[in-house]
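In listed order, ligands and their atoms are each counted from 1.
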Amino acid sequence: MHQRDPLSWCCSLMYHTLAAQCLRFPAHILSHPRPMRDTSKHRPALEDLPDSVFDAWLASRKVPGHDGNLLVPGAQRALNTANTRLALFVTRRTSYAFLKSLWSLNPLRTTLMVSLNIARSLFPAIRGYSQALIVDELYALIASDSFTWSRLLCLLFMEVFRRLLEGSLDAIAASNERVVLESARFYIEYKQMEHRVRLDVPTLTDPTVRDLLQESDLFSRSFSGTGFGFLSPLDFLQIISLSTEILSHLFLIISLTSCPSQCGILILSILSALLPTFLSWYNVPVNPPDPRTTTKEARAADRLEKMRNLAYSDSYRPEIALFGLGEWILKSWSSARRVILEAEATQPYQTSHLAQYNLTELITAVQNIPLLFLLKSSSTCLGSITVYRTSIQSIIYASRGLVTTTQMAFQGIFLMSAFCASLELKPRLQPKDQDPIQYVQKPGGVSLDVKGLSYSYPGSAEPALKNISLSVGAGETLAIVGLNGSGKSTLAKVLLRILDFDKGSLNVNGVDIRLLDPSDYHKHTSAVFQGFSKFNSTVKENVGFGNIEKVGYRPAITQAVHLAEADGLVRSLPKGLMTVLETPGFDSISYPGMMGYNHQQRHGLSGGEWQRVAIARAFMRATEPEVDLLVFDEPKLMLTSSLDAHAQSQIFDTITKISKTPTGERLKTVIFITHRLSTARRADKVAMMENGTITEFGSHEELLAKDGSYASLYRASI
Ligand SMILES: Nc1ncnc2c1ncn2[C@@H]1O[C@H](COP(=O)(O)OP(=O)(O)OP(=O)(O)O)[C@@H](O)[C@H]1O
């Protein structure tokens, strides 16, 4: 029988539980082609409750008093009525399902953790009570002249036994808590990773989604104790524990008050115990200003981070040295740091009123008043007074802790809303409203029909593609040429369904591309992008990633390397395919115990060599029979590719060989973007792009005969 692994079971359980709780996500994120940055439309009026957890999260980011401004991700939410209503809304919508899902990861251990936490919160009161009993008993023994050492030892033994019991329970609780926290952390981090790898480019480039994911990351980090003062839902237990502790102490104090006449003493004692907490609450500004909430401060924080990155990253070192950027980095860093420090300095100095007015001693004196009354009462014994003192102190500490924890939990709720809302994010390229249509392979490769297609990058006023129309038959070769910035790479990404489009239509084998599942379509394509990835890994993996199922299959990798004419390159590397490549922008981090690994020699490659590795990666998949479309977006350095003319011609021969059977029958459609027009002439069709649109389309000969832009570009290149 098929066994489900525990992780997938937990994930699906959590997913379905949360989905069942109707975390409704607004239509503009779920189905509209582009989520809007203008959040004012979705922000509820104070008196209205939001429609969804996402709306509540968005509304909580509103900067009080600055309409239209949003708090930067991670900024503290003001503790005001509007946010309290939002926090309650989020708690109602998500907490039950969320905590239930965490509980279902480890039901027994989680129940044990909650029970032990509550039991342990009773310890201080029990401890106080037990010590009072010992004091009373000793007092009685001494007063009655019947003191014996054996009785004293017996009492001490009982106290030691109680402490041992407490210690053992603490140890069990700590180890159990570690397991519960670890599984919760694993689960949350897994969900985070899952989202990151499944969301597509258009979704991830949306600024609102980016902010949402950033806060969701903070939530995930709160499980590992690095949440910068945010509580994870498991820490919410502290609120229960602290409340139980306070109640148990109050119960003890009440039990001291044996007759109605002592009620006044009781009320006075409770008030005196809580007074410092009230004063400290009064101290905390109701809306603590976050140091990075204004646009200027957020920009400064961003700049600070960039400068730190420039200063610390080795990959920028050559240009920093060559262009003498060191001084500028220091100046920019200091000016940004100053902005942050000034912002921090303008925050009210949070000195305690207790300290400010020297009230601490006065409070202690007030706390002693009920004690004096108790001492006066003949029925009160020494042990009770001990309990009374320790309980009052414990109530003070626990209630302070409760205030701080509640304030942190308040912020944590909004991070939880970001996490829950992010679970509902759908990749924008995923077909909406209906099940995707399966990609059906046609003989000879894929056919593409584009009509009136336009596309603008988010936030760009000018469209990158305007009214594009073209058709490529199955097995044909299309060359896209044009000047810099004319939209060639953008068109390639739209054809590969990496980017969406705003207007027009794009049919793949006669089917609207928007009805296909992108991951299904991608299985039938292979590509080299202009800005191809340089993975921080071995040559073997850099090539093998092109067909992950064969990443460990050496003959497939060797064949791809051979097709990309990179055999010589691999042979020249110190460890051949196993050579670790040096990647720009990646600075390895040392961890204790990984010395051997960390000191692996990394090997740098030239631009052209890297390009061969990227081409080999594309060939890893290109040779598979299910691949119907090959796209090569030629990286260009100045006016020519990193590959020399001979190498490019060889690669082109290989592409032609792969895309046809030995008898010349067409197998795959090929699109290549090139700046070398001598290569373009070998294509069946040429698309000349200018300023985001196709101005000329036809065979090389047809375009030459037209004597237009292509012809003059061609003449200039030979
Ligand atoms: N991520 C982006 N966000 C906003 N605008 C972009 C982005 N990428 C490209 N553009 C803009 O879109 C236009 C087309 O860019 P594209 O990279 O498609 O041109 P190209 O023809 O491939 O250029 P080149 O020959 O230099 O590679 C350019 O004006 C560019 O500035």
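Backbone and side-chain nitrogen or oxygen atoms of G482 are examined, and none is located within less than 3.5 angstrom of a nitrogen or oxygen of ligand 1. Checked by distance only, ligand 1 and A464 stay at 3.5 Å or farther apart across all their nitrogen or oxygen atoms.
With V511 as the partner, the side-chain contact (heavy atoms from CB on, under 4.5 Å) test is satisfied by one option alone out of L506, L516, V440: L516. When each of D653, T477, T674 is checked for a side chain to side chain donor-acceptor pair (under 3.5 Å) with R682, only D653 meets the rule.
Both tests pass for R514 against the ring of F501: distance under 6.0 Å to the centre and angle within 45° of the axis.
In summary, the atoms of ligand 1 found under 4.0 Å from a heavy atom of S460, numbered by their order in the structure, are 4 (C), 5 (N). Annotation for ligand 1: atoms under 4.0 Å from non-hydrogen atoms of H675 are 25 (O). Close approach of ligand 1 to T490 (heavy-atom distance below 4.0 Å) involves ligand atoms 14 (C), 15 (O), 16 (P), 18 (O).
Residue-level proximity to ligand 1 for M689 is absent, since no heavy atom of it falls below 4.0 angstrom. Heavy atoms from both the backbone and the side chain of S489 come within less than 4.0 Å of ligand 1. The proximity of Q530 to ligand 1, defined as any non-hydrogen pair under 4.0 Å, is limited to the side chain.
Salt-bridge check for E624 with R621: failed, with every basic side-chain N at 4.0 Å or more from each acidic carboxylate O.
Counting only distance, with no hydrogens or angles, the side chain of R666 and the backbone of G444 share no donor-acceptor pair below 3.5 Å.
Taking the centre of each ring, H700 and Y710 come in below the 6.0 Å mark.
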